[in-house]
Amino acid sequence: MVKLAPSILSADLSRLAEQVALIEQGGADLVHVDVMDGAFVPNITFGGPVVRCLAGKTALPFDVHLMIEHPENRIPDFVTPQTEFICVHQEACVHLHRVIQQIKALGIKAGAAINPGTPVSMLESVLGDLDMVLVMSVNPGFSGQKFIPSAMVKVSELDEIRKNEDLGFVIEVDGGVNLDNAPALMAVGADILVAGNAVFGAADIPARVKEFKAIL
Ligand code: DX5
Ligand code: ZN
């Protein structure tokens, strides 16, 4: 069963708990938390204090996507009883293997993300250590961008590798995901779909989540 992780980057952040309650009501599986530092990506969003405030306000697990430089200095900030995944960018980690072990040592599932310009092969040495690979289907920094089709090829490449090598990581796709491209992403092996604008941009947010869940 493919999971839906709405991204709160597109939510009305002045009413964050209420907005998360709406996706929970619709049947979302995870809350995707986009952390941006204004250095690794051009935008700044929120940090650990916001995520810790949200813990306990929803029953949904957190899927934390760190788009920050030196994530190793910040990982403990995002550990809450609800944090299921912490994902760092391959491009932001000189010592990616060490950062993955750091996340796992905190009892959290570890993910590594690759930008549209980064090939799957950059993760080859750590695929056996990962719980998640996040394929970016837009250049990170903003919601509401257009899906970059080469992401589809990367998902299918990763799916083939995990089958051939009997690996257990899940594949998440993030950026420009909508009701139209979701079926094709599922067909090539995606396990978790992130959707920002396609969920929080809807007039009826729980109904939109239900529409996604009906096709996943
Ligand atoms: C992009 C973020 C995404 C973004 C997705 O930098 O990592 O999670 O919020 O938003 P949409 O679905 O609108 O592209
Ligand atoms: Zn994200």
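Each ligand, and each atom within it, is numbered from 1 in the order the structure gives. What you see is a predicted model, and the numbers here were worked out from it, not measured in a lab.
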Fill in: For atom 10 (O) of ligand 1, closest protein heavy-atom neighbour
Ser143 CB, 3.4 Å
Worksheet, complete the sentence: If you scan protein heavy atoms around atom 5 (C) of ligand 1, the nearest is Asp174 OD1, 3.5 Å
Practice prompt. List every atom of ligand 1 that sits less than 4.0 Å from any heavy atom of Ala195, numbering the atoms from 1 in the order shown and giving each element.
Written response: 12 (O)
Discussion item. Using a 3.5 Å cut-off on N or O atoms only, is Leu9 in polar contact with ligand 1?
Written reply: no
Item to complete: May I ask you to decide if the ring planes of Phe40 and His89 are parallel, tilted or perpendicular, using 30° and 60° as cut-offs?
Response: tilted
Worksheet entry | Atoms of ligand 1, numbered as shown, that sit under 4.0 Å from any heavy atom of Gly175 | 14 (O)
Worksheet, complete the sentence: shortest atom 6 (O) of ligand 1-to-protein heavy-atom contact is with Gly141 N, 2.7 Å
Worksheet item: In terms of residue, atom name and distance, what is the protein heavy atom nearest to atom 14 (O) of ligand 1?
Response: Gly176 N, 2.8 Å
Discussion item. With heavy-atom distances below 4.0 Å as the criterion, list the atoms of ligand 1 near Asn197.
Written reply: 11 (P), 12 (O), 13 (O)
Fill in: Lys104 atom NZ: more than 12 heavy-atom contacts under 6.0 Å
yes
Worksheet item: Any non-hydrogen atom of Gly144 lying under 4.0 Å from ligand 1?
Response: yes
Discussion item. Can you name the atoms of ligand 1, numbered from 1 with element, that are less than 4.0 Å from a heavy atom of Met67?
Written reply: 6 (O), 7 (O)
Discussion item. For a quick test of reading the model, state the closest non-hydrogen atom pair linking Met36 to Leu9 and the distance between them.
Written reply: CE-CD2, 3.5 Å
Worksheet item: Between Ala59 and Gln82, what is the shortest heavy-atom contact and its length?
Response: C-NE2, 3.8 Å
Fill in: CD/Glu160: more than 12 non-hydrogen atoms of other groups inside 6.0 Å
no
Fill in: Verdict with reasoning, Val194 to Val177, per side chain to side chain contact (heavy atoms under 4.5 Å, CB included)
CA-CA 7 Å; Val194 176; Val177 173; 5.7 Å; no
Item to complete: Return yes or no for this condition: an N or O of Asn139 is under 3.5 Å from an N or O of ligand 1.
Response: no
Practice prompt. Give a yes or no on this: more than 12 heavy atoms of other residues, nucleotides or ligands lie within 6.0 Å of atom CZ of Arg74.
Written response: no
Worksheet item: Against heavy atoms of Pro140, which atoms of ligand 1 measure under 4.0 Å?
Response: 6 (O)
Practice prompt. Only one of Lys3, Lys109, Glu84 passes side chain to side chain contact (heavy atoms under 4.5 Å, CB included) with Pro61; say which it is.
Written response: Glu84
Discussion item. With carbon and hydrogen excluded and only N/O/S kept, which atom of Asp174 is nearest the Zn ion (ligand 2)?
Written reply: OD2
Worksheet item: Near His32, which atoms of ligand 1 are under 4.0 Å from a heavy atom of that residue?
Response: 8 (O)
Worksheet, complete the sentence: of all protein heavy atoms, closest to atom 12 (O) of ligand 1 is Gly196 N, 2.8 Å
Worksheet item: Going by the order shown, which atoms of ligand 1 are within less than 4.0 Å of some heavy atom of Met36?
Response: 6 (O)
Worksheet item: Which one of Val64, Val51, Ile108 satisfies the side chain to side chain contact (heavy atoms under 4.5 Å, CB included) criterion with Thr80?
Response: Val51
Worksheet entry | Donor-acceptor contact present, side-chain Gln145 to main-chain Gly175, <3.5 Å | no
Worksheet entry | Residue, atom name and distance, where the atom is the protein heavy atom closest to atom 1 (C) of ligand 1 | Phe142 O, 3.6 Å
Fill in: Verdict with supporting geometry, Gln90 and Thr118, side chain to side chain contact (heavy atoms under 4.5 Å, CB included)
CA-CA 9 Å; Gln90 183 276 332; Thr118 303; 3.5 Å; yes
Practice prompt. Measure Ser7 to ligand 1 on non-hydrogen atoms and call it side chain, backbone, both or neither using the 4.0 Å cut-off.
Written response: side chain
Practice prompt. Considering the heavy atoms of Val194, write down every atom of ligand 1 situated less than 4.0 Å from one of them.
Written response: 8 (O)
Discussion item. Could you identify the N, O or S atom of Asp34 positioned closest to the Zn ion (ligand 2)?
Written reply: OD1
Worksheet item: Per the side chain to side chain contact (heavy atoms under 4.5 Å, CB included) rule, which among Ile103, Val94, Val99 passes with Glu72?
Response: Val99
Item to complete: Looking at His65, pick out the N, O or S atom nearest to the Zn ion (ligand 2) and give its name.
Response: ND1
Worksheet item: Between the side chains of His65 and Asp63, does any donor sit under 3.5 Å from an acceptor?
Response: no
